[in-house]
Amino acid sequence: KEKCYKLSLDLKQSTNGHVEALEILLLGLCGVPKENLRVHELCLKSGPNLGSEASEIRILCDLMQPEPAWTVRHVGGADQISVLVRTMVESKASKHVLRLFYLLGYKLDHELLRVGFAFHFQRGAQITVTVSSYSRLLKLHATDDDNVPVTPGIQMVEVTAPASAENYTEVAAAVSSFCEYLAPLLHLSKPGVSTGVVPTAAAAAASLMSFSGSTNIRHSEV
Amino acid sequence: MPIKWYNFYGRVLHWQPNAGHTVNSQILAEVSQCVESINGVKEGKWKATLSFYRPLLKDQSNAAEFPRDFLGISLPEQPNKYYFVLRGHRLVVEADSTIQTIMEKLQSYKTRVALNFEGFQYQLGDFQLRVGKVVSIQSESLRGIVMEMEYKPSSSWEKSHKIMGEFFDIWQEALSKRQLPGHFVHMEPNFGEYGLSGQYTLQHTAVQYATLMLQMIATAQSVRN
């Protein structure tokens with residue numbers, strides 16, 4: 001069971017205007033170019049008779065690949081270490097995985113489209129930072145339509161790192177300490193709880209933008 | 001008919017005892033000796049596993065809504081992969097082995113009766129042979145004998161299919177001299193029904209093990225009857 005867990009921190013960022021500043025900050029911290037992200041998330045819930053308790057599973061389809069690439073993701077509850085750190089288990093899967101879960105008794109609860117960018121780098125752990133906006137699909141599987149943003153004007157920043165039972169504590173510490181760098185721009189918030197603008201955000205963003213020496217960086221729309 | 005290309009082409013066989021006979025470790029020993037007698041070179045051990053998944057239901061009266069043939073299979077070639085087969089729906093999924101952890105966390109399905117397929121593998125020219133016993137993890141009793149034949153070189157389906165057939169005939173002839181109370185059976189599933197392409201993969205192997213499972217159950221039931 002090497003590295004089967006992922007630790008995930010959700011941060012919420014104020015206004016799209018600060019995305020550019022965040023991108024500059026992340027580029028500086030990570031030292032690698034960003035990758036664009038476009039993922040269709042199908043959130044399934046167990047039917048009423050299945051299991052003693054209801055369960056949820058997410059089937060992700062990476063739309064950036066030439067062929068749809070599927071991942072199954074299970075997100076755990078709040079961690080013992082921190083209420084903000086959650087355990088995820090992921091598995092790549094071949095193309096019939098969605099049909100498999102439907103046949104096992106899972107139903108589609110809602111669908112999300114996640115668009116943004118990601119940085120992958122090493123800093124005490126193999127860390128991935130994604131900055132994305134989520135929108136809820138209004139029509140079945142309609143990833144190309146205009147959809148409803150889940151948190152309008154607010155980007156989700158997710159920090160994840162793979163961990164095993166042995167190094168879990170170290171990885172959690174590395175993820176938490178990395179997040180401190182993002183504190184001027186972002187709020188660590190409990191999943192599902194919306195926070196307002198971070199008081200320091202505007203000043204931090206302004207300072208980052210001027211320091212970069214470039215005023216024309218655009219957050220590229222995918 | 002289009003030409004199909006395979007990296008290797010595999011066939012899974014299981015031992016069908018004659019009426020009134022059962023499988024035993026003596027037969028397994030004879031089969032292994034037979035492989036060596038046709039110059040099979042022993043390479044090492046192999047192991048595959050098969051698990052049944054059953055739904056955890058609040059109300060058993062709805063059980064018919066849920067699949068009764070949900071199997072999980074691990075194969076020796078890819079220890080970091082896991083295969084799910086729903087035979088009735090002709091469905092096969094290849095996933096990372098972490099999918100087993102996900103299933104545990106979901107708590108919607110539990111693994112019941114699990115089987116190990118284990119034994120030795122042999123090299124024979126362009127072929128790899130695996131001979132194995134089928135053992136129930138619960139009772140450690142011998143439930144059956146399987147063989148896997150793999151034709152290693154890349155080649156067209158037509159060429160490898162013919163060579164596999166010839167090799168199988170040589171094997172059956174060698175084994176028949178030992179006059180064992182049974183024979184090896186192969187039932188080729190319709191891979192197209194599973195959405196599998198002409199290129200042979202471990203998903204094809206997983207489907208063969210799932211099909212074999214059904215045959216073994218049928219054999220065991222007919223023995224009981």
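In what follows, chains are A, B, ... by sequence order, proteins preceding strands, each numbered from 1.
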Any donor-acceptor N or O pair under 3.5 Å, side chains B:Gln128, B:Glu43: yes
If only side-chain N and O atoms count, and only distance matters, is there a donor-acceptor pair under 3.5 Å linking A:His40 with A:Glu111? yes
Could you check which of A:Lys95, A:Lys92, A:His96 has the highest count of heavy-atom pairs closer than 4.5 Å to chain B? A:Lys92
Portion of B:Tyr109 that has a non-hydrogen atom of chain A nearer than 4.5 angstrom: side chain
Can you say whether B:Leu106 sits under 4.5 Å from chain A via the side chain, the backbone, both, or neither, judging by heavy atoms? both
Can you check whether A:Leu29's main-chain N or O pairs, donor with acceptor, with A:Arg123's side chain at less than 3.5 Å? yes
Considering only heavy atoms, which portion of A:Ser52 lies under 4.5 Å from any heavy atom of chain B: side chain, backbone, both, or neither? backbone
Is the distance between the ring centroids of B:Phe84 and A:Phe101 under 6.0 Å? no
Compute whether any side-chain donor of one residue and acceptor of the other, for A:Thr130 and A:Arg114, lie under 3.5 angstrom apart. yes
Side chain / backbone / both / neither for B:Glu94 at chain A, heavy atoms under 4.5 Å: both
Per-residue contact mode, B:Gln203 against chain A (heavy atom under 4.5 angstrom): side chain
